[in-house]
Amino acid sequence: MKTEMLSPQKDKNALNTAASLLKAGKVVGMPTETVYGLAANALDGDAVAKIFRAKGRPQDNPLIVHIADFEQIHSLCPAVPPAAKDLAGAFWPGPLTIIVPKADCIPNEVSAGLSTVGVRLPSHPLARALIRAAGVPLAAPSANTSGRPSTTTAAHVLRDMDGKIAAILDGGPCGVGVESTVVSLAGEKPRLLRPGGVTLEQIETVLGEIEVDRALYEKIGDDTRVSAPGMKYRHYAPKAPVTAVRGDPARTARYIREHAAPGDGVLCFDEFAPLFTGLTEISFGRSDDLATQAREVFDSLRAFDDTEVTAIWAQCPDDAGLGLAVANRIKKAAGFRVVEVSADSFG
Ligand code: TXA
Ligand code: MG
């Protein structure tokens, strides 16, 4: 299959071409404000099955369904919980996915056998235009090969999906850079399943204190039942093994300087880059600039695959605000191999 790159800037029919492919049951790379998605008609099980094949995604990992207007949620969920309306009012359109009980029209391929569905109303104008033009809600996971870092540019998508999907709609680089926050309203209490572009603190201004899934902080075994099946798989990983280093930024920089071997790579905060001359250093924003870190983290992890590094050390922000999402992606890229650095870490 030839994968067509559709650029609305060069071709005024790009959006309509992408929509026609979706209507014909094909898979299309779709820009969103968080990361690129691999979209297909969410109501067509055969179309959705193609997404799983293109990604190499395990069958038990459900997909998020993307809508263009709040009212569309009623066709996906028979009884929308009041808390979903509150969250949507505060954060939609935007980087938030809400897990709710699902309607019968949603094929098993989307929900992976669960009785729930994740719904998201993205803020990216091209994403919403595409959903409207396709005339159906669009199921879309992140547009990376399963296990690889997510894709935040059309070029990333082409790299992973060339020959595997019909087309990619180029919407430029994603503004947020980490995926949506996933909040489940399917259990007794609201629960954070994945930190993302909307912070936990922001969610709690609307819902009050919520539960936080332990899979955010620790490695989950293959045989464990988890609330978001995606959480148990190796994720976001570049080819070289990653070690996440947490603590005061000046200390983590010093720790890495003292432990890195020649030939290692360092994912570092901008202001510490000069410390790592002689190593392959990729910086992803200042230590106090979480928005830039979020926007750059996947591109930076991917960039190590174009180098010869055999191991990667990563400076990791703390859990406040957007740091929870950035740190979660780095820790998962590291398979939860995390070094906590304190004053005592130095002899
Ligand atoms: O920002 C995003 O959310 C991007 C863009 C394309 O919208 N999408 C995305 O999808 O990140 P994906 O499939 O890569 O991650 C979705 C996560 C997975 O961990 C999955 O297990 C979880 O959400 N999830 C989806 N539906 C669920 C459900 N019904 N119950 C629990 N977890 C669910
Ligand atoms: Mg993903």
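Read the numbers this way: they start at 1 and go in the same order the structure lists the ligands and their atoms.
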- [ ] Could you walk me through whether Asp289 and Asp270 pass side-chain contact (heavy atoms from CB on, under 4.5 Å), step by step?
- [x] CA-CA 10 Å; Asp289 184 356; Asp270 291 355; over 6 Å; no
Open item on the list: Yes or no: does Arg57 have any heavy atom under 4.0 Å from an atom of ligand 1?
Closed with: yes
Within the 4.0 Å heavy-atom shell around [X], which atoms of ligand 1 are there?
X     : answer
His66 : 5 (C), 6 (C), 7 (O)
Gly37 : 6 (C)
Asn61 : 18 (C), 20 (C), 21 (O)

TODO: Flag the pair Glu179 and Arg120 as a salt bridge only when some basic side-chain nitrogen lies within less than 4.0 angstrom of an acidic carboxylate oxygen.
DONE: no
Open item on the list: Please determine whether a side-chain nitrogen of the Lys or Arg among Arg159 and Asp305 lies less than 4.0 Å from a carboxylate oxygen of the Asp or Glu.
Closed with: no
Does [X], backbone or side chain, put an N or O under 3.5 Å from an N or O of ligand 1?
X      : answer
Lys55  : no
Thr116 : yes
Tyr36  : no

TODO: Using the salt bridge (charged side-chain N to carboxylate O under 4.0 Å, His left out) rule, pick out the option among Arg57, Lys55, Arg148 that qualifies with Asp160.
DONE: Arg148
Task: Expected output: side-chain Glu281 to main-chain Cys268 donor-acceptor under 3.5 Å - done: no
Open item on the list: I'd like the name of whichever of Val65, Ile99, Thr151 reaches closest to atom 30 (N) of ligand 1 through any heavy atom.
Closed with: Ile99
Task: Close side-chain approach of Pro62 and Val117, heavy atoms under 4.5 Å - done: no
Open item on the list: A side-chain contact here means heavy atoms from C-beta on lying under 4.5 Å apart; do Ile330 and Gln315 qualify?
Closed with: no
- [ ] Could you tell me whether the Mg ion (ligand 2) has an N, O or S atom of Ser142 under 2.8 Å away?
- [x] yes
Open item on the list: For Arg194, which part has a heavy atom under 4.0 Å from ligand 1: side chain, backbone, both, or neither?
Closed with: side chain
